[in-house]
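Let me begin by presenting the structure, written as structure tokens, before commenting on it.
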Amino acid sequence: MNCAAIKEKLTVIGVEMVSEAEYARKGFALDVQVAPHLLVAAVSVLDAEGFFIEAITGVDWLGEQAALRKEAEAKVAAEAKAQPEAEAAAGEAPPLVSQPAEQGEIPEDALEVVYDFNHYEGLCRVTIRARLPRSKPEIATISSIYPGANWHERETHDFFGIIFVGHPYLVPLLLPEDADFHPLLKDFRS
Amino acid sequence: MIDYLKEVISGTWSLFVGLGITIRYFFQPVVTVQYPYQTLPMAPRFRGHIELVKDEETGETRCIVCGMCQKACPSHCITVNGEKREGVQGKVLTEYTLDFTRCSLCGLCVESCTPKAITFSKDYNLAGLSKEAYIFDLKAELSSLPAQTKLMPFGCKNRLEAKN
Amino acid sequence: MGTQNIQPAIVQFAQLDKLLALGRANSLWPMTFGLACCAIEMMATGASRFDLARFGAEVFRPSPRQCDVMIVAGTISKKMAPAVETLYDQMPEPKWVIAMGNCAISGGPFVFEGQYGIVEGADKLFPVDVFIPGCPPRPEALIEGILELEEKVTGSRRWPRVEVG
Amino acid sequence: MISLFTAEGLSGLLFLGFIGLTLAGALIATNARSLIRSVAGLALCFLGIAGFYYYLNSPFVALMQILIYVGGVCVTIIFAVMLAGSSEVNKVSRHNVLVGPLAFLVSGLLVWGLAGLALKTEWHSSIFYVENWGTVANLGQSLLTTYSMSFELISVVLLVAVVGSLVLARQGRDK
Amino acid sequence: MTLDPEIIRLLAFLVGVIAFASFNAAYLVWLERKEAAHIQRRIGPKEVGPFGLLQPLVDGIKLMTKQLIVPAGVDPVLFKIAPILVMVPAIMSFVTIPFSETLVARNLDLGLLVISAFASVNFLGLLLGAWGSRNKYAVISAGRAFSQNVAYEIPMLVIVVTLVMVSGTMNLTEIVGLQMGGFWHWNILNLAASPLMPVAFLIFFVCMLAETNRAPFDMSEAESELVAGAFTEYSGMGFGVFFMGEYANIVIGACVATILFLGGWHSPFPDTIPFFGASSVIWFLLKMYFIIFTVIWIRWTFPRTTFYGLLNLSWKILIPISFVNLILTSAMLKVF
Amino acid sequence: MMDILLLSNSLHTYLVIAALLFGIGIYGLVQRQNFIGMLISAELILSGASLNFMAFNHFLAPDPTVGQIFTLFIMAIAAAEVAIALSIIIAVYRNYKSIDTEDVTDLQG
Amino acid sequence: MSTFAQSQANETFVLNLGPQHPATHGVLRVKLTMDGEYIVEAEPVLGYIHRMHEKMGENRTWAQFLPNTGRIDYLHALAYNHGYVSVVERAASIEVPERAEYLRVITAELNRVSSHLLWFGAFILDLGGFSPLLYAFDDREHILDLLESVTGSRLTYCYFRFGGVYNDIDDNFVTGTRAFIKRLRGRMPMYHNLVTKNIILMKRLQEVGPISAEMCRKYGATGPVCRGSGINFDVRKHEPYSVYPEFDFEVPVYEQGDSMARYMVRMDEMEQSLRIVEQALDKLPEGPVMAEKVPKILKPAKGDYYHAVETARGSFGVRVISDGSNTPYRLKLRSPTFSNLSLFGEACRGMLLPDVLALMGSLDLVIPEIDR
């Protein structure tokens, strides 16, 4: 069992990005960003390799896009400010700056589902992330591959309202049975 | 057949061994501390609810109303108020209320207190008929307290003391 | 004159009541009912070191029908609240409730702005007789609570008070 | 008229109690609306009958009556009621409305006839009271001599019953 | 108008027996709590009266004045009758138990059979109570109690029959009479009748535990599984009477064991020894309470068996051995 | 005049009670419409018969044990009967989910 | 004798175990669909003690969340302290003095022993034995005394701080701990004689509630549950944190996968924990117990951090997502019992009621930790 091989295999199925997180710094070895439709394939790879499921959770990135845009704008402004001086100093052509975000429409904020897998033998914690649009947070269930994911997905549904398509029994687990709120969303008010 | 008999006999024997153990304890002295008559000494670091420290020199509180404890408290159970008074440097404590019913006894407030004006009491057996009784007015209680010289009367090096 | 000659009652009901109260106070059977952290301290109170049995209160009955006192030991979540109320209703009269620990008194450290899951205090659900603060209270405090309850039932305290210096 | 406060008097009173117990039990057993009460009534009735046996000088049979009927039969029936989950009050009768009165009539006639027969007949008492009359020892001897064949047959019947009920009850269990 | 002295005697004994049964039922609870406490190195009830001796009294006062809840949907008559059905047969059984040569209410020839018969009736009470309370736990508990009862009645009766064969009578007084003169004459050591007699005593003891629903065979009121089993819905005195009935049954079991195996009121020493050799009711009580002590001791030592483990024990171990014992005994009786 | 307290010494008492038990049993057998109820009634009938045996044995029989032995046999038979009947009832219940006689109509063709 | 109830599938009935039931150790509810005493289906219903820890994490500063960690799993509070402070130290790049790490290990291992002792007692209580519980509590009181003398509380410790521990230990603690280790070692044979070798207990645990290694993997079971199924997985060895690599200890693994195996794993683990404590006391270095430069108001760098520790019940992981402010942006607590319990439904299918309780007890449930 080795992490590089897993990375290889995950790249083959075409996940968006596989970065090798610095273990000592982060606490996990592989950070995998995956498109929602590729999730099941990626998880199947891990299942075949003998990983066990550690946890599933969500993160609500409400306001992230706005923040990013603000940041980008600030960066542009700062660079615009710095540019003349730099030009004056170096006399070179201005470096290519990333295009500022399109004016007007802000891209939609995302809900991220985070899957943690670990292996009983090798030290290789794999974190899979899938970003879902906040307005339609739907992703395929993996409870058919890992029955243990059943509860984790229910819990994530409780907290974030993420809908796991194909889940056998998606009713509140920790919240009261008739709960219709999702407390860990950033815009939740009790 | 032999196995069967063996199991029956060894099983029965194991039961007698168990009985032997319990009867031995039956005749051993009890370990009970009979609470209202006997009490356990509280550990020096025992954390009861907090109380204000009476300064041994002035007989007053050491609190400078900085509000750090209030800020540090995770469950917002401390209310500190003070006012400026003529002729006194800094603020004077007018109110120090602890809502003990919310407290989780984490000790973050005591740690955050730079003048070491608060400490843990040794009140370990509180029980009463109303919950309002546990909203302590620590400032009023201060007068009934003996002056305290040391925070941690025992050999353990307190983190705060170690710093100094 | 407005005074009347009142015949003394043939049966001294007051004496009988006293006896009843004494009987009830010394035979407080709690329910085997733990919610959270405090339940462990409740177990410790029943264990050898503190021995709740001395006061006749060690008969932890699992069925509410046979209990006299419910020790609410822990946080009551909103999901649990109906069940706790049912348990209280199932207990036969006369019954008492001890709220053990800060969670049972007021929600304790789990109260924050925007909390969605807990009931802020057992007294929101039913009358509570004795409050024992602490997080969790020490076993001595629970014993003290039982004694306090006995005092409430009988009107006088048989045991010495432990003064904490 | 014997006094109530003698041994005979008290025992006579007790006997009346047994009559009441038996008949009340029997009536409860047939008329109670819930099955479980019927069984309780049956148990009462059996206890009363055990009392009669005691008065008939056969304590052994009386005790066996309690042991087998009350402790065995009634308990088993209660258990069956539990299994079938039907202590439910009897449903509205789907019999013909006439069945109830008719049954009452028929059984009334039967009782009248039988009781009349019993009371009218001259019973030729050949009573010869023996000291050790019908003791357990006598019973045992008869069982192992005169009635040994039937005794053996009864045990075979019991065996067959045990096996049969096991077979019946196990059906449907193995899936 | 005068009362027959026989009646007075009977009434006196009846009162005595009821008092004895109730006293024992109440104080065995105290004994149990104290013994459990000391096994666990605690003190146990202490604050109510000297050594907590008034504890059963206050418990009784409390239970009597406690509200008796009749839950909705139960059969109220059966629900109320059931505890009495448990208690009364237990008291009735005391009538025939000889505490000493003269101290017996009715010396019946079929004493042993009387006790067996009444024991089966009190089980009826348990069943009716369980069914009457309409509680799933209670019903499961009743089901367990039923099969347990069936399974353990067999070895118990076989052992009893063996002893009847050895003694040649079912009269309890006579059975005790045969065991006179030192402990080696007791049935438990009656190796001449069957070398398996001590084992037979063990089997009888185990069956007694099972019949009285005592740990480790307390299947029907297994707290961690079935809450309080058949008594789950009982409150106040209904529960109290059930509880007392249970303890009364234990006393009867202990009495029967004493009579059948431990020589009843006979002293363990031959009567040539002065004072200690004398037979008296004290010896009976000593033996009986020792057995009860052991019963309680066992309860606080062992975990509970499972339901099927218990049936296995009965069908695979106890019944075969008790039959072997029966055959051995009859062979020995024929040979010698 | 018949002394009511001496009833226990009269054969007639027992016979009348036995007749009553029999009658009540017959009434129950006809009127009950569920198997267990009918079984209970049948037990009553059997008891009536046993009581007769015992009474005749006590008052009339030359052999002091014959009635008792018959009663014992009846008990054994009754126990066997109850065991079989109840297991049949349980089996029926499993198939029909009812122990009412009228629900079990398959046999009528 | 299983003929108690009806046999057909539609003849089942539902038995509600809990939320108040003596065997569920708190407020778990299990909906058992039963056929007689056989379990057809078991569905745990959670959330009766959901205390919103994750939400509170987002509402409190990094330090203010510390007391919560002692209340997630009150039986092994220090391991949870450890997990949380470790992940925050990882995020904020705080170096912890070695002595502090030793103290953390010593107290956490003592706490593990106390947790196992309580589990042992409660487990035997589930099985109907009462006295072992009180013997275990007797031993446990000694640990609590020791820990109280250091931390100031008996149960819900809040002893670790970012960068070290709150208080140093004194000599009394060291001698007391050594005495306790000796005492417990002397008591273990008694426990084994009284309980482990008892034929009743053996019959109740052996081959009851088997859990296969594959099932552990599919459900993510960790801790003694997976070690009882032959998987050698212990975070302390597998992903060493703190100063665990410096100690010589074994990870008890049993192959059978039944309740007895899980029982034995925990019993053996107590001994291993004692070994660790002993070695740690021997090697205990001098030095400060707090890092020098811990900012008063902590603002870890932006990012996503994970840290796992081995608690008495399995692998506890904390994932924090920091947005650079003084409160966590997202705090995920991966609790071991949550996963361990999730296999309960599958494991107990077809079992008998008493066996189910033995299985449930052998999972060592702490409900507030499942519900968080």
Side-chain angles (χ1 to χ4, degrees), chain B residues 22 25-26 28-51 72-78 98-109 120-136 141 144-148 153, chain C residues 37 45-55 96 98-113 115 120-124 127-152 157-165:
Chain B
T22 40
Y25 281 115
F26 182 81
Q28 277 180 13
V30 297
V31 294
T32 306
V33 180
Q34 302 186 32
Y35 162 67
Y37 307 108
Q38 307 167 331
T39 49
L40 285 171
M42 280 303 108
R45 284 185 193 159
F46 172 74
R47 299 203 288 231
H49 63 82
I50 53 166
E51 61 190 12
C73 181
S75 26
H76 311 294
C77 49
I78 300 174
L98 168 73
D99 183 354
F100 188 43
T101 63
R102 295 275 204 86
C103 177
S104 58
L105 297 169
C106 58
L108 292 176
C109 46
F120 299 111
S121 75
K122 298 277 170 283
D123 245 351
Y124 65 93
N125 59 351
L126 286 171
L129 302 180
S130 83
K131 72 185 208 182
E132 284 72 31
Y134 305 120
I135 299 172
F136 296 116
E141 275 175 27
S144 64
L145 283 175
Q148 227 164 335
Chain C
C37 331
T45 316
S48 309
R49 168 85 66 97
F50 299 99
D51 195 16
L52 201 53
R54 287 176 291 130
F55 308 97
W96 296 276
I98 293 179
M100 179 183 182
N102 289 346
C103 292
I105 295 179
S106 71
F110 298 100
V111 180
F112 61 96
E113 230 170 283
Q115 70 95 349
E120 297 184 10
D123 52 351
K124 297 251 188 324
V128 174
D129 296 279
V130 173
F131 297 87
I132 308 171
C135 195
R138 279 185 65 94
E140 285 100 334
L142 180 56
I143 294 180
E144 190 68 34
I146 295 269
L147 300 186
E148 197 76 27
L149 184 58
E150 297 198 17
E151 186 182 344
K152 182 174 177 175
R157 187 179 167 102
R158 282 173 54 203
W159 288 276
R161 266 183 207 285
V162 175
E163 290 302 328
V164 180

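Each chain gets a letter, A, B and so on, in the order the sequences are listed, and its residues count up from 1.
- Heavy atoms closer than 4.5 Å to chain B are found in both the backbone and the side chain of C:Phe50.
- Ring centers of B:Phe136 and B:His49: under 6.0 Å apart, within the cut-off.
- Heavy-atom distances place both the backbone and the side chain of C:Arg49 under 4.5 Å from chain B.
- Ranking C:Val128, C:Leu147, C:Ile105 against chain B, the residue ahead of the rest is C:Ile105, based on heavy-atom pairs under 4.5 Å.
- A donor-acceptor contact closer than 3.5 angstrom is absent between the side chains of C:Asp51 and B:Tyr35.
- Looking only at heavy-atom pairs under 4.5 Å with chain B, the residue among C:Gly145, C:Gly121, C:Pro160 that has the most is C:Pro160.
- For B:Ser75, the part sitting under 4.5 Å from any heavy atom of chain C is the side chain, from C-beta outward, and nothing else.
- With chain B as the partner, the residue from C:Ser106, C:Pro133, C:Ala141 showing the most heavy-atom pairs under 4.5 Å is C:Pro133.
- When atom types are taken as modelled, the side chain of B:Arg47 and the backbone of B:Leu105 share a donor-acceptor pair closer than 3.5 angstrom.
- Both the backbone and the side chain of B:Pro36 come within less than 4.5 Å of a heavy atom of chain C.
- The closest donor-acceptor contact from the side chain of B:Asp123 to the backbone of B:Gly48 lies at 3.5 Å or more, if one exists at all.
- Rounding to the nearest 0.5 Å places OG1 of C:Thr45 at 10.0 Å from CZ of C:Arg138.
- Using a 4.5 Å cut-off between heavy atoms, C:Leu142 does not touch chain B at all.
- Using a 4.5 Å heavy-atom cutoff, the side chains of B:Ile135 and B:Phe100 are not in contact.
- With respect to chain B, the highest number of heavy-atom pairs below 4.5 Å among C:Glu148, C:Arg161, C:Lys152 belongs to C:Glu148.
- Contacts between B:Ser121 and chain C at a heavy-atom distance below 4.5 Å are absent for every atom of the residue.
- Residue C:Pro137: no heavy atom, backbone or side chain, is found under 4.5 Å from chain B.
- Among C:Asp129, C:Ile98, C:Ile146, the residue with the largest count of heavy-atom pairs under 4.5 Å with chain B is C:Asp129.
- Distance SG/C:Cys37 to CE/C:Met100: 10.0 Å, rounded to 0.5 Å.
- Between chain B and the options C:Phe112, C:Trp159, C:Phe110, the largest number of non-hydrogen pairs under 4.5 Å is found for C:Trp159.
- Taking the side chain as every heavy atom from C-beta outward, B:Cys103 and C:Cys135 never approach each other to under 4.5 Å.
- Residue contact with chain C, scored on non-hydrogen atoms closer than 4.5 Å, involves the backbone and the side chain of B:Thr32 alike.
- With 3.5 Å as the limit, one finds a donor-acceptor pair spanning the side chains of B:Asp99 and B:Thr101.
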